[in-house]
Amino acid sequence: MKSMFDYSISTDKGGRKVNEDSAAAVQRKDGLYLFVVADGLGGHGKGDIASSFVTDNIVNSFLKTENIDENFISYSIE
């Protein structure tokens, strides 16, 4: 499905060696969009892995869940 919206994703690693933030933009076949950003909480160790894990799981849940409702984010995190 072709998007009728323009969007971009950008994160900034700040003063750290590794960008610990993760972001994603996804459009489903039914036309729903998901935009997710996870902050890696720099300085706590392996924030890049944690933020990527959260982002990937929310995207996968979005693509698999048939009926998206107001509880989607809570459901995805659980």
Side-chain angles (χ1 to χ4, degrees):
M1 172 173 262
K2 192 170 185 175
S3 171
M4 61 184 205
F5 300 103
D6 291 328
Y7 53 86
S8 63
I9 297 173
S10 177
T11 63
D12 187 342
K13 69 179 185 172
R16 308 216 181 272
K17 292 180 183 178
V18 175
N19 187 349
E20 295 189 355
D21 302 334
S22 182
V26 181
Q27 180 183 10
R28 292 177 8 158
K29 290 180 183 179
D30 61 5
L32 291 178
Y33 288 86
L34 170 73
F35 298 92
V36 59
V37 177
D39 189 325
L41 296 173
H44 288 80
K46 305 294 183 194
D48 54 332
I49 294 169
S51 66
S52 180
F53 177 80
V54 169
T55 301
D56 291 348
N57 280 300
I58 291 175
V59 167
N60 288 333
S61 181
F62 177 72
L63 295 173
K64 292 177 183 177
T65 302
E66 290 186 30
N67 298 314
I68 303 294
D69 63 17
E70 66 276 358
N71 298 311
F72 169 73
I73 296 296
S74 296
Y75 167 77
S76 298
I77 293 170
E78 290 175 5

Trainee: Quick one: closest heavy-atom pair of Asp12 and Asp21, and the distance?
Mentor: O-OD2, 3.6 Å
Trainee: Anything under 3.5 Å between a donor and an acceptor, one on a side chain of residues 60-68, the other on a protein residue two or more places apart or in another chain? List them.
Mentor:
unit_1	atom_1	unit_2	atom_2	d
Asn60	ND2	Asp56	O	3.2
Ser61	OG	Ser76	OG	3.0
Thr65	OG1	Ser61	O	2.7

Trainee: Could you tell me if the side chain of Phe72 sits less than 4.5 Å from the side chain of Ile58, heavy atoms only?
Mentor: yes
Trainee: Taking all non-hydrogen atoms of both residues, which atom of Val59 and which atom of Ala24 are closest, and how far apart?
Mentor: CG2-CB, 3.7 Å
Trainee: Between Thr55 and Ala23, which heavy-atom pair has the shortest distance, and what is it?
Mentor: CG2-C, 4.0 Å
Trainee: Going only through I, L, V, M, F, W and Y residues with side-chain contacts under 4.5 Å, is there a path from Val26 to Val54?
Mentor: yes
Trainee: Transitively linked via ILVMFWY side-chain contacts under 4.5 Å: Val36 with Leu32?
Mentor: yes
Trainee: Show me the side-chain donor-acceptor pairs of residues 45-52 shorter than 3.5 Å, one per line, residues at least two apart or across chains.
Mentor:
unit_1	atom_1	unit_2	atom_2	d
Ser51	OG	Glu20	O	2.5
Ser51	OG	Gly47	O	3.1
Ser51	OG	Asp48	O	3.3

